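To start, the structure itself, in structure tokens.
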Amino acid sequence: MAGFFSRLKAGLSRSNARLNAIFVKRMLDEETLEELEDELIAADLGPAVAERIIEQFRDTSFGQDVTSDEIKDTLAREIAKVLEPVAVPFTPDPARKPHVVLVVGVNGTGKTTTIGKMAHYYRQEGKSVMMVAGDTFRAAAVEQLQIWGERVNAPVIASKTGADAAGLVYDGLKRATEEKADLLLIDTAGRLHNKSALMEELAKIIRVMRKFDDSAPHSVLLVLDATTGQNAIEQVRVFRELVDVTGLVVTKLDGSARGGIVIALAEQFKLPVHLVGVGEKAEDLRPFSADEFSRGLLG
Amino acid sequence: MFEQLSSRMSRVFEGLSRGGKLSEADVSEAMREVRLAMLEADVALPVVRSFVAKVKEKAVGEKILEGVSPGQAVAKIVNDALIESLGGAGVAPLNMAASAPVPLLMVGLQGAGKTTTAGKLALRLAGRERKKILLASLDVQRPAAQLQLQQLAQQAALLTEGRVASLPIIAGQQPVEIAQRALEAARREGFDVVILDTAGRLAIDEALMNEVREVRDVSRPAETLLVVDAMTGQDAVNTAQAFKDQIGISGVVMSRMDGDARGGAALSMKAVTGAPIKFTGSGEKLDALEEFHPERVAGRILGLGDIAGLVEKA
Ligand SMILES: Nc1nc2c(ncn2[C@@H]2O[C@H](COP(=O)(O)OP(=O)(O)OP(=O)(O)O)[C@@H](O)[C@H]2O)c(=O)[nH]1
Ligand SMILES: Nc1nc2c(ncn2[C@@H]2O[C@H](COP(=O)(O)OP(=O)(O)OP(=O)(O)O)[C@@H](O)[C@H]2O)c(=O)[nH]1
Ligand SMILES: [Mg+2]
Ligand SMILES: [Mg+2]
């Protein structure tokens with residue numbers, strides 16, 4: 001976990017410098033509150049959520065003589081409180097053979113990479129993992145997942161680009177069940193939530209998979225890019241309506257984006273945030289920690 | 001959200017007091033809503049601040065023409081300023097003023113849409129302008145990245161009588177070497193344009209930023225295009241600043257404008273880099289690339305689908 005925090009820190013150093021300049025003051029006054037609010041807006045919480053958090057903060061701490069560290073700590077704790085209920089670890093059900101995970105999201109957020117990382121993690125735990133290259137649309141998406149399969153030593157069920165994704169997923173589920181795999185990770189093509197034909201295709205994948213096992217998928221993970229702004233709210237809203245998302249993964253938190261939209265999402269949807277991505281390598285996956293995330297947000 | 005903002009803005013605009021000139025109070029009230037609309041559209045905070053200050057200065061004391069409501073007058077000023085800040089009317093063409101093969105360099109964060117955009121540009125230049133294009137992937141980071149570009153080149157070749165090709169992949173070769181090999185091959189084989197696709201990189205990753213600077217120095221691109229996702233939030237300013245400072249940017253491409261993001265990152269990008277937004281991506285297919293039209297994006301950022309209507313009266 002130390003790695004996660006220091007990587008976050010490295011990404012945040014510039015904004016931290018700005019924030020620290022605010023915190024040399026000793027009194028929590030109007031001006032300080034306003035600057036804090038701006039800082040939250042700059043972390044993508046959105047103007048409304050930022051204002052609400054600062055309002056609460058004003059009620060508890062306004063006018064007090066506090067050190068810069070105390071202000072930071074208190075505000076981080078305030079934010080962590082919003083996030084704690086959604087910081088739920090991802091735990092595959094050992095009774096399922098396999099536990100079926102469908103991974104969805106808009107284009108380029110990090111779905112395929114997250115699957116590779118998850119496969120790596122559970123392989124290291126000694127579990128048998130299989131993957132389905134369900135992105136039969138994008139150029140070399142199949143090969144991308146196959147390389148991950150070689151890297152982490154787990155089989156990838158694939159067909160050619162252009163093949164029917166739902167049929168492939170059905171075959172994959174059948175094979176993983178026959179082989180009694182612990183975990184089946186299903187990749188899907190990136191799709192924008194406002195394209196109804198593509199969203200319907202995702203619903204079809206689930207329908208077809210249920211012909212084999214009506215309890216599947218056991219988890220539907222929506223992968224969000226931490227650099228995304230307010231549009232993430234629409235992404236979650238629409239994906240959740242169509243495919244019953246069970247949890248979120250936030251990627252690219254190793255960059256300078258702080259992913260503050262997660263706070264707005266936690267307030268509005270209360271969906272578990274299971275995992276965060278902090279790099280492009282197999283080991284760059286961490287459980288989501290409300291405390292570390294909040295501190296990373298403020299520096 | 002669109003309707004809500006729209007009606008809220010119109011209400012403020014309608015509520016402005018009638019009179020000969022726009023008062024400070026009128027304008028301040030309207031600007032509060034503009035600020036909020038822009039933040040909700042993901043325009044970065046410092047960019048919002050300077051935009052609002054500029055517009056306010058322009059609007060206060062402005063004479064209102066006969067038959068025009070104060071709301072219409074302010075809406076027009078805001079809209080005009082936004083179009084201006086996005087680059088002004090008209091499109092910014094690619095700079096091809098270099099001797100063949102003209103190198104174009106694609107850069108940006110991970111997953112922004114660089115490789116797809118490289119394929120789209122190849123199709124466009126080979127199709128409309130009948131140029132011969134060589135695509136070269138310098139991405140030795142992401143699994144199957146070179147194969148992805150190769151497959152896109154094959155798709156584009158089919159649509160252009162073979163005028164698009166990709167540089168043969170040599171396993172183990174590093175980005176700078178690949179760039180040099182691409183330029184040599186393009187020269188030798190008579191290509192008009194060589195498009196260099198690079199691995200996604202974080203603005204704070206010094207090693208990778210150094211590497212792409214080296215690529216730039218050996219290839220001397222006519223255009224260095226920063227590809228940015230239209231859904232990008234406040235971090236757009238950090239990305240823009242870092243790529244501008246460390247590599248130098250000649251143009252911006254906004255990908256995924258086919259989504260429903262309001263696209264405020266476009267304004268942040270333009271404000272920070274000063275480089276024109278040259279294209280927008282509107283889909284995953286190779287023909288989904290459009291020239292950038294500031295006037296369309298302005299209405300989208302303000303969340304005023306009907307701003308054109310509101311403004312027409314002014
Ligand atoms: N820095 C960083 N890069 C990441 C992370 N997760 C994924 N990436 C990179 O983001 C880019 C896109 O990742 P993919 O896994 O291909 O994303 P995807 O959602 O499968 O994309 P599509 O299938 O095209 O929709 C790749 O270059 C990844 O290496 C992360 O946590 N940090
Ligand atoms: N809907 C839509 N999808 C796009 C657009 N441009 C690119 N994409 C998709 O976004 C995803 C990522 O695109 P890539 O071209 O692989 O992005 P990249 O910047 O090369 O990614 P890395 O090399 O991993 O950094 C793919 O699924 C593309 O199909 C666009 O304009 N609209
Ligand atoms: Mg993928
Ligand atoms: Mg790429």
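All values derive from a computational prediction rather than experimental measurement. Below, chains carry the letters A, B, ... as their sequence lines are ordered, and counting in each starts from 1.
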Partner chain B: residue of [options] with the largest heavy-atom pair count (under 4.5 Å):
{"options": "A:Thr228, A:Thr109, A:Asn107", "result": "A:Asn107"}
{"options": "A:Leu145, A:Leu192, A:Asn194", "result": "A:Asn194"}
{"options": "A:Gly190, A:Gly46, A:Pro47", "result": "A:Pro47"}
{"options": "A:Val106, A:Ile261, A:Ile147, A:Thr112", "result": "A:Ile147"}

Exercise: identify the closest heavy-atom pair between [X] and [Y]:
{"X": "B:Met231", "Y": "A:Asn231", "answer": "SD-OD1, 3.5 Å"}
{"X": "A:Ser256", "Y": "B:Asp235", "answer": "OG-OD1, 3.0 Å"}
{"X": "A:Gln230", "Y": "B:Leu39", "answer": "CG-O, 4.3 Å"}

Point to revise | A:Gln235, part contacting chain B, at a heavy-atom distance under 4.5 Å | key: side chain

Exercise for review: Give, as side chain, backbone, both or neither, the part of A:Glu280 having an atom under 4.5 angstrom from any heavy atom of chain B.
Suggested key: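 Contact with chain B: side chain only.
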
For the residue pair [X] and [Y], establish whether any side-chain heavy-atom pair is separated by less than 4.5 Å.
{"X": "B:Arg49", "Y": "A:Asp38", "value": "yes"}
{"X": "A:Gln144", "Y": "B:Leu147", "value": "no"}
{"X": "A:Thr227", "Y": "B:Leu109", "value": "yes"}
{"X": "A:Glu143", "Y": "B:Gln151", "value": "yes"}

Review point. Is a salt bridge present between B:Asp205 and A:Lys252, judged by a nitrogen-to-oxygen distance below 4.0 Å?
Key: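 Looking at B:Asp205 and A:Lys252, the cut-off is not met.
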
Study note, to complete from the structure: Answer key: most heavy-atom pairs under 4.5 Å with chain A among B:Thr232, B:Leu149, B:Thr239 is B:Thr232

Check your understanding: Of all of B:Gly119, B:Gly111, B:Pro143, B:Ala144, which one pairs up most often with chain A through heavy atoms under 4.5 Å apart?
Key -> B:Pro143

More than 12 non-hydrogen atoms from neighbouring residues, nucleotides or ligands closer than 6.0 Å to [atom1] on [X], yes or no?
{"X": "B:Glu206", "atom1": "CD", "result": "no"}
{"X": "B:Phe51", "atom1": "CZ", "result": "yes"}
{"X": "B:Lys54", "atom1": "NZ", "result": "yes"}
{"X": "B:Arg296", "atom1": "CZ", "result": "no"}
{"X": "A:Glu34", "atom1": "CD", "result": "no"}

Point to revise | Proximity breakdown for B:Gln110 and chain A, heavy-atom pairs closer than 4.5 Å | key: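 Contact with chain A is through both the backbone and side chain of B:Gln110.
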
Check your understanding: In terms of heavy-atom proximity below 4.5 Å to chain A, should B:Leu45 be classed as side chain, backbone, both, or neither?
Key ->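 B:Leu45 touches chain A through side-chain heavy atoms alone.
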
Exercise for review: Considering only heavy atoms, give the residues of residues 134-142 of chain A separated from chain B by less than 4.5 Å, sorted numerically, with 'none' for an empty result.
Suggested key: A:Phe137, A:Arg138, A:Ala139, A:Ala140

Point to revise | side chain to side chain contact (heavy atoms under 4.5 Å, CB included) assessment of B:Arg142 paired with A:Thr113 | key: CA-CA 9 Å; B:Arg142 166 173 166 172; A:Thr113 308; over 6 Å; no

